[in-house]
Amino acid sequence: MPREPIKLPQRVESLSVLAADGRIDADLEPALDPADLRRLYRTMLASRRLDERALALQRQGRLGTYGPSRGQEAASLGVAYALGKDDWLVPTFRETAGLLWRGWPMQTWLLYWGGFEAGNVPPAGVHDLPIAVPIASQCQYGMGVAWGCKLRGEGRVCATFCGDGGTSEGDFHEALNFAGVYNLPLVTVIQNNHWAISIPRSRQTASQTLAQKALAYGMDGVQVDGNDILAMIVATREAVEKARTGGGPTLIEAVTYRMSMHTTADDPKKYRTEDEVKAWEPRDPLLRFRAYLHKKGLLDESTAGALDAEIAAEIDQAVRQYEQYRQDPAEFLRHMYAELTPELQAQQAELQAYLERKHAPTPAPVP
Amino acid sequence: MAQLTMVKALNLALAEAMRENPNVLVLGQDVGQDEGVFRVTEGLLQEFGPNRCIDTPLAEAAIVGGGVGLAFTGFLPVCELQFDGFSFQAFHQVENHVRRFRNRTRGRYTCPLVIRMPYGGGIRAVEHHSEAPEATYAHLAGLKVVIPSGPRNARALLRAAIYDPDPVIFFEPKAVYRAFREEVPDEPETMPIGKGVVARPGKDVTLITYGAMLRVALDAAEELADDHNVDAEVLDLLSVSPLDGELINESVRRTGRAVVVHEAPRHCGVGAEIVARIVEGSLLYLEAPVKRVTGYDTIIPYFQNELTYLPDPARVVAAALETVRF
Ligand SMILES: Cc1ncc(C[n+]2csc(CCOP(=O)(O)OP(=O)(O)O)c2C)c(N)n1
Ligand SMILES: [Mg+2]
C-alpha cells in the first residue's frame with residue numbers, strides 16, 4: 001500500500017582507475033604483463049599517428065571524407081584488449097585503435113576512407129565486422145552475433161560499439177532489449193564523446209548518464225572514464241567474464257571526448273567553443289598512459305623516440321600500399337550475389353563495352 | 001532577382017514560408033546551430049528560434065513520426081533527414097502512417113508534411129550518402145515525390161511542397177547543391193507538383209530525366225547537336241510521382257525516339273514506369289526501342305568508382321545514337 005522506491009537488482013556504477021593527474025587506485029589497478037602494456041601503448045600511439053596522417057591525406061585530396069578518432073583511442077583499445085581472439089568486435093567508425101589491436105592492417109582502414117570496398121574486408125584470421133556508418137544499426141547485428149554465440153554454446157562473447165548520439169536510435173534500444181530478454185553474452189560500449197555532430201550530449205537525452213539506460217533492459221550499466229585505458233580494461237574484463245559465464249549483457253558508457261571535428265566535412269567552430277576542447281586536453285588518454293608507463297619504468301625517452309620512428313615507417317608503408325591499390329572498375333557488379341543474375345550479366349557486358357569505348361584511343365581526325 | 005545556388009534557394013523557400021505562416025516548422029538533426037550539414041537551414045534558428053527550427057536527437061523515425069503528430073495539431077512540419085541512405089530508418093513511419101492517414105480516416109486526418117533529404121551521388125561521399133531511392137518512395141501511393149534540378153525550380157517546388165495538402169518526399173540532388181547559380185526571383189514563386197518541363201526543345205530524340213542527371217542530358221544533347229547533327233529534346237520531369245505522362249507522350253510522339261536517364265538502378269526504376277507510359281501512350285509513334293541509361297543493378301560503388309556507375313554524357317550520347325540509327 002505505501003509509496004516506496006523500487007529496488008532494482010541491477011546496478012549502475014562509475015569507474016576510474018588512473019586519473020588524469022596520474023593518481024591511481026591501487027586496488028583497482030589491473031596486473032598487466034609489461035609486454036602487454038608496451039604493446040597497448042604502441043597501438044594507441046599508432047592509432048593516433050594514423051589518425052593524424054589520415055587527416056593530412058584528406059586535406060591533400062588523397063583520402064575521402066574522414067572521421068577522426070583523436071582522443072578516443074583508449075575506449076576501443078581497452079575493449080579490444082579485454083576480448084579473447086575468438087570473441088567478436090562489432091565497431092561503428094571511431095574504433096581505429098581497437099581494430100589495429102585486433103589485427104586490422106592500417107591500409108585497410110585507409111582503403112575504407114579512401115573510397116574502396118576492400119576497406120571492409122578483414123584479414124585472414126580476424127572475424128570482426130567492418131565499419132558501420134548507419135548510426136546504431138550495428139547494435140542489432142552485434143546483438144545477433146551474441147545470440148549466435150549463446151546458441152552455439154562455445155563461450156564466445158560479442159562487444160558492440162556505438163556513439164552517444166546512437167543511443168537515441170530505436171536500433172540501440174531494440175538490441176539492448178533483446179540482449180536482456182535472451183540474456184545474451186553482449187557487451188555494448190557507448191563511446192560518449194559528448195557530441196553527435198553539433199548536438200551536445202546534454203540535448204541528446206534527458207538521462208543523467210547513458211549507463212543508466214541499462215536498467216530499463218534489465219542489465220548492469222557502468223560509466224567508465226573512457227580516456228583511462230586501465231579502467232576500460234577492468235570494466236570490459238568484468239563484463240566479458242560475466243557474459244562468458246552466462247551472466248548476460250552489460251552496457252558500458254565510455255566517457256571520452258571528440259578532440260577533433262566530426263568529420264573533415266564539419267566545422268565545429270559553429271557549435272562548440274575552443275575552451276571546451278582545451279579543457280579536455282589534459283585528459284588525453286595517450287598522455288595519461290605515457291606518464292603511467294614512464295612512472296613504471298616501461299618507457300623512456302630513447303625507446304619512445306625509436307617507437308615514433310617505427311610507427312612513422314609503418315604508416316608510410318600502409319599509405320604506399322593504399323595508394324598503389326588498384327581496383328578493376330567493373331568489379332562492383334561481381335559481388336552483388338553469389339552468382340551474377342541475367343540482368344547483371346547483361347549489364348557487365350554493357351559496362352565492358354563502355355569502358356573499352358572510353359579507353360579506346362580517339363581516332364585521328366578525318367583530313 | 002538574385003543569383004543563388006540550390007542550397008541558398010532552398011533556404012530562401014524555407015525562410016519565406018516560415019515568415020508567412022507560423023505553422024511551418026523545420027526539424028531534424030543539426031538543422032539549428034549547425035544550420036544543416038549542407039547549410040540549407042542557415043539563419044533559421046536565429047530568425048525563428050528553437051521552437052520553429054528544431055534540433056532533434058539522432059532518430060529519423062522520431063523526426064518523421066513526430067512530424068506526423070505535429071501535423072495533426074495543425075503544424076506544417078518540414079522534416080530534414082540528413083542523407084538519403086538514412087531515410088530508411090524512418091521508412092516504417094512513412095509507409096505505415098505518413099502515406100495512409102488521409103485514406104484511413106477518409107480525409108479527417110492528413111499528413112501535409114515535407115520530408116526533405118539530400119539525394120544522389122557524385123560528391124565523393126562515404127557509403128550510404130549517395131543513394132537514389134526515388135523509385136522506392138514513388139511506389140508508395142499517397143506520397144508525392146519531387147526532385148528539382150536547379151536553384152530556381154528547387155525554391156518554387158519546395159514552396160509548393162510545404163503548402164501541398166499531402167505528404168511530399170523532397171529529394172535534393174547533392175551534386176547540384178553548389179554546382180551553379182541561377183537567377184531566382186525575389187517574389188515567392190511556385191510550380192505545380194507533378195508537371196515536368198521541356199528543358200531543351202528538339203525534334204529527333206527525347207531525353208527524359210530529372211535531378212542531377214538533367215545536366216548530363218543537356219551536355220549529351222549539346223554533343224549530339226555539335227558532333228552528330230542530332231537535335232535532342234530534353235525533358236526535366238521535376239516530379240516522379242505524380243509523373244507527367246502527358247509531357248512525355250507529347251514529346252515522344254513528335255520525336256519518335258526516347259532515352260530515359262536516371263542515376264538510380266535500372267531494375268524497377270522510375271525509367272521502367274516511364275517506358276510503360278510511352279508504350280501505353282505512343283507505341284505506334286516509336287521509330288526505335290526506348291533506351292534506358294541508368295545506374296547499374298548494384299549498390300552504388302564507393303566514391304573511387306562512382307563515376308563508372310553514374311550515367312555520363314558519353315553513355316547518353318551512345319544510347320541516343322542507337323535509337324537514331326536503329
Ligand atoms: C542513421 C543515421 N543517421 C544519421 C547519420 C549521419 N551521422 C553520421 S555520424 C552522426 C552523429 C553520430 O553521433 P554519435 O553517435 O555520438 O557518434 P560520434 O560521431 O560522436 O562518434 C550522424 C548524425 C548516420 N550516419 N546514420
Ligand atoms: Mg558522439
Side-chain angles (χ1 to χ4, degrees), chain A residues 64-67 93 111-120 131 133-137 163-172 196-199 203-205 262-263 265-268 270-272 325 327-336 341 343-344 347-348 350-351 353-355 357-358, chain B residues 29-39 42 50 55-63 65 82-83 85-90 92-93 123-130 265-268 292-309 311-312 314-315 317-319:
Chain A
T65 303
Y66 177 68
F93 52 84
L111 282 170
Y112 181 84
W113 296 102
F116 292 105
E117 286 83 351
N120 289 312
I131 285 177
V133 165
I135 300 297
S137 59
D164 47 306
T167 66
S168 294
E169 288 281 6
D171 278 349
F172 171 83
I197 308 188
S198 73
I199 306 300
R203 286 197 283 135
Q204 196 62 245
T205 168
H262 169 70
T263 67
D266 172 50
D267 174 14
K270 282 188 77 78
Y271 54 80
R272 75 178 184 188
Y325 177 80
Q327 176 182 266
D328 169 1
E331 196 221 17
F332 72 92
L333 290 151
R334 261 175 244 142
H335 300 283
M336 293 305 300
T341 59
E343 285 92 345
L344 283 176
Q347 290 179 20
Q348 196 175 32
E350 215 177 282
L351 175 60
Y354 164 77
L355 291 170
R357 240 185 3 254
K358 195 166 154 182
Chain B
Q29 295 154 17
D30 307 289
V31 299
Q33 191 69 35
D34 200 35
E35 306 186 304
V37 289
F38 288 100
R39 307 289 182 254
E42 193 173 5
D55 265 329
T56 67
L58 213 175
E60 291 75 11
I63 293 167
Q82 206 158 69
F83 281 95
F86 312 125
S87 69
F88 303 108
Q89 268 75 354
H92 65 296
Q93 288 293 333
I123 63 156
R124 294 173 64 83
V126 75
E127 61 177 336
H128 305 289
H129 293 66
S130 305
R266 186 171 313 169
H267 188 75
C268 291
R292 286 181 285 171
V293 178
T294 64
Y296 295 87
D297 290 333
T298 65
I299 291 155
I300 183 168
Y302 288 11
F303 70 80
Q304 289 285 356
N305 206 18
E306 73 176 327
L307 296 183
T308 307
Y309 173 95
D312 62 7
R315 275 168 73 190
V317 167

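A, B, ... follow the sequence lines: proteins, then strands. Residue 1 opens every chain. When reading the values below, keep in mind they use all heavy atoms of this one structure, side chains included, and skip hydrogens, waters and symmetry mates.
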* Asked: Going through the distances and angles, do B:Q29 and A:I135 end up as a side-chain contact (heavy atoms from CB on, under 4.5 Å)?
  -> CA-CA 12 Å; B:Q29 295 154 17; A:I135 300 297; over 6 Å; no
* To do: Kindly give the heavy-atom pair with the smallest separation between A:S168 and B:P57, and that separation in Å.
  => OG-CB, 3.6 Å
* Given B:L58 and A:I197, is the side-chain contact (heavy atoms from CB on, under 4.5 Å) satisfied, shown in steps? -> CA-CA 10 Å; B:L58 213 175; A:I197 308 188; over 6 Å; no
Among [options], single out the residue with the greatest number of heavy-atom pairs under 4.5 Å to chain B.
| options | answer |
| --- | --- |
| A:G119, A:A265, A:G114 | A:G114 |
| A:T167, A:D171, A:I199 | A:I199 |
| A:K358, A:K270, A:R203, A:E350 | A:K270 |
| A:Q347, A:H335, A:M336, A:E343 | A:Q347 |
| A:G115, A:S137, A:A196, A:G170 | A:G115 |

* Short side-chain to backbone donor-acceptor contact, B:N305 and A:P329, under 3.5 Å ->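 Such a contact is found between B:N305 side chain and A:P329 backbone.
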Part of [X] within contact of chain B (heavy atom distance under 4.5 Å):
| X | result |
| --- | --- |
| A:E331 | neither |
| A:L355 | side chain |
| A:L333 | both |

* With distance as the sole criterion, is a donor-acceptor pair present between the side chains of B:Y296 and A:Q348 under 3.5 Å? ->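 Distance-only check fails for B:Y296 and A:Q348.
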* Indicate whether the side chain of A:Y271 and that of B:D55 have a donor and an acceptor atom separated by less than 3.5 Å. =>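 Result is no, nothing qualifies.
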Measuring heavy-atom distances to chain A, does [X] have an atom under 4.5 Å in its side chain, in its backbone, in both, or in neither?
| X | answer |
| --- | --- |
| B:A318 | side chain |
| B:E60 | both |
| B:F86 | side chain |

Do the side chains of [Y] and [X] get nearer than 4.5 Å, heavy atoms only?
| X | Y | result |
| --- | --- | --- |
| A:L351 | B:Y309 | no |
| B:Y302 | A:N120 | yes |
| A:D267 | B:R39 | yes |
| B:D312 | A:Y354 | yes |

* To do: Decide if atom NE2 of B:H128 counts as having more than 12 heavy atoms of other residues, nucleotides or ligands within a radius under 6.0 Å.
  =>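 Result for NE2/B:H128: enclosed.
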* Begin with the C-alpha distance, continue with both residues' side-chain angles, and end with the deciding distance and a verdict on side-chain contact (heavy atoms from CB on, under 4.5 Å) for A:F332 and B:I299. => CA-CA 8 Å; A:F332 72 92; B:I299 291 155; over 6 Å; no
* Could you grab the distance from atom CD1 of B:I123 to atom OG1 of A:T65, nearest 0.5 Å is fine? => 7.0 Å
